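To find a chain, count down the sequence lines: A is the first, B the second, and so on, and within it residues start at 1. Predicted, not measured: the structure shown is a model, and the values here were computed from it.
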Protein chains: 2
Amino acid sequence: MVDEVLELLRERGHRLTKPREAVARALLEAEDWLRPEQVWEVAHHYCPSVGLVTVYRTLALLEELGVARRIHLAHGCHGYAPAEMHHGHHLVCRSCNQVLEFLGTEDLAPLIAQVSRRTGFVVEEHLLELVGRCPACQQT
Amino acid sequence: MVDEVLELLRERGHRLTKPREAVARALLEAEDWLRPEQVWEVAHHYCPSVGLVTVYRTLALLEELGVARRIHLAHGCHGYAPAEMHHGHHLVCRSCNQVLEFLGTEDLAPLIAQVSRRTGFVVEEHLLELVGRCPACQQT
DNA sequence: TTGCCTGTTGATATAATTTTTCAATAAGGA
DNA sequence: TCCTTATTGAAAAATTATATCAACAGGCAA
């Protein structure tokens with residue numbers, strides 16, 4: 001899994017380094033999306049010397065390679081999820097900020113095709129965020 | 001238009017102030033979404049003394065009232081659009097960052113209803129972002 | 001294996017954006 | 001008009017992300 005990413009890096013002419021491996025590993029083993037700083041905490045475990053700056057750089061690189069996906073959060077900072085995990089969309093609770101993934105990408109295909117036809121855009125990815133209140137937070 | 005917002009503010013127990021009116025006016029007359037600083041520039045025109053901090057506070061308040069909608073942009077900062085304008089979604093060009101609005105909310109209604117039923121979430125708003133390349137940027 | 005070239009890194013500084021603090025101000029009811 | 005208190009604006013602080021640059025290390029060639 002991580003190996004495939006490292007292989008991809010090499011193919012594209014990037015060097016294989018410990019920091020990059022650590023960041024890739026941290027992201028890929030995530031159960032959920034992580035904020036850059038959280039990625040850093042985990043990556044740190046694999047490569048103690050890794051700096052936060054490199055985490056940012058590597059996440060951007062992984063996004064470019066299609067391995068990571070950037071998520072836009074309600075409160076302004078960014079999160080990243082492994083790309084294959086994020087073929088679903090997310091559901092954010094406005095109160096407790098929990099994020100639930102749900103599937104349903106195929107429902108959007110016709111819409112995307114239509115938009116693409118009308119605007120000339122090549123749509124490379126999409127993000128559907130539903131914001132609301134989870135069952136627990138509705139009771140407040 | 002602005003009057004309705006002011007009325008809504010009063011109904012909810014908020015005070016009617018020049019800065020709030022200026023921010024509401026700036027946002028409502030926008031052709032497109034604006035970043036907080038852009039809102040400030042326009043609001044400034046209606047209330048020269050208004051500070052950027054108040055713009056942030058008022059935008060948050062307007063969002064709470066359902067008058068403004070927060071938009072999550074690719075590069076991390078936020079933008080706001082009048083709520084009624086933003087019943088469409090947006091299409092972001094990865095290269096030049098231009099944002100196009102497009103309609104199609106009704107297509108999502110069944111999906112939202114289904115998710116709501118399955119998860120127990122009350123979905124209050126949604127955001128669909130398509131990211132890709134605009135016709136001009138495809139040629140690079 | 002050794003050495004070299006150059007892509008990468010990490011620390012620091014910097015930038016950009018948003019939030020907090022708090023004294024002064026002004027809205028709106030009495 | 002007066003009083004209470006929500007609201008404001010300026011400055012400071014916090015947060016998040018990026019730029020700079022000398023030191024380092026990956027990987028190819030010899």
Undergrad: Let me test you: for the helix from C:dT1-D:dA30 to C:dA30-D:dT1, what is the angle between the axes at its two ends (five pairs each), rounded to 10 degrees?
TA: 30°
Undergrad: Crowded around B:E29 CD? As in, over 12 foreign heavy atoms under 6.0 Å?
TA: yes
Undergrad: Within the 4.0 Å limit for protein heavy atoms, which parts of nucleotides 22-30 of chain C are touched? Write it as a string from 5' to 3', B for base, S for sugar-phosphate only, - for none.
TA: ----BBS--
Undergrad: Over how many whole Å does the gap from B:R12 atom CZ to D:dA6 atom P extend?
TA: 18 Å
Undergrad: Does B:R25 pair with B:E21 as a salt bridge, N-O distance under 4.0 Å?
TA: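 A salt bridge links B:R25 with B:E21.
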Undergrad: Respond yes when some side-chain nitrogen or oxygen of A:R20 is under 4.0 Å from OP1 or OP2 of C:dT9, and no when none is.
TA: yes
Undergrad: D:dT8 P sits how many Å from B:Y46 OH, rounded?
TA: 18 Å
Undergrad: Are B:R35 and C:dT17 close enough that a side-chain N or O sits under 4.0 Å from OP1 or OP2?
TA: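 So the side chain of B:R35 is within the cut-off, an N or O lying under 4.0 Å from OP1 or OP2 of C:dT17.
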Undergrad: Can you tell if the side chain of A:R15 reaches within under 4.5 Å of the side chain of A:R20, non-hydrogen atoms only?
TA: yes
Undergrad: Using a 3.5 Å distance criterion without hydrogens, assess whether the side chain of B:W40 forms a donor-acceptor pair with backbone atoms of B:V50.
TA: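 Checking the backbone N and O of B:V50 against the side chain of B:W40, a donor-acceptor pair under 3.5 Å is found.
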Undergrad: Please report, rounded to the nearest Å, how far the P atom of D:dG9 is from the CH2 atom of B:W40.
TA: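 Taking CH2 of B:W40 and P of D:dG9, I get 11 Å after rounding.
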Undergrad: Give the C-alpha distance, both sets of side-chain angles, the deciding distance and a yes or no for side-chain contact (heavy atoms from CB on, under 4.5 Å) between B:V42 and B:V23.
TA: CA-CA 8 Å; B:V42 179; B:V23 171; over 6 Å; no
Undergrad: Can you give me the closest heavy-atom contact between A:C47 and A:A22, atom names plus distance?
TA: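 Closest pair (atom of A:C47, atom of A:A22, distance): CB-CB, 3.6 Å.
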Undergrad: If you count every heavy atom of other residues, nucleotides or ligands that lies below 6.0 Å from B:E37 atom CD, does the total exceed 12?
TA: no
Undergrad: Could you give the CD-to-P distance, from B:Q38 to C:dT18, as a whole number of Å?
TA: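 To the nearest whole Å, that distance equals 11 Å.
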Undergrad: Tell me which residues in residues 48-56 of chain B lie within less than 4.0 Å of DNA chain D, going by non-hydrogen atoms.
TA: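 By residue number: B:S49, B:V50, B:G51, B:V53, B:T54.
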Undergrad: Looking at every heavy atom in both A:A24 and A:V5, which two are closest together, and how far apart are they?
TA: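 In this case the closest contact between A:A24 and A:V5 is CB-CG1, 4.2 Å.
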Undergrad: Let me know the distance between NE2 of A:H44 and C1' of C:dA11, rounded to the nearest Å.
TA: 13 Å
Undergrad: Which heavy atom in B:A26 sits nearest to a heavy atom in B:V39, and how many Å separate them?
TA: CB-O, 3.9 Å
Undergrad: Once you round it to whole Å, what is the distance between C1' of D:dT7 and CD of B:E21?
TA: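 After rounding, the reported distance stands at 15 Å.
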Undergrad: Under the side chain to side chain contact (heavy atoms under 4.5 Å, CB included) test against A:L9, which residue among A:L61, A:T58, A:T17 passes?
TA: A:L61
Undergrad: Output the distance between atom CG (A:L65) and atom CD (A:E11), rounded to the nearest 0.5 Å.
TA: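 These two atoms lie 10.0 Å from each other.
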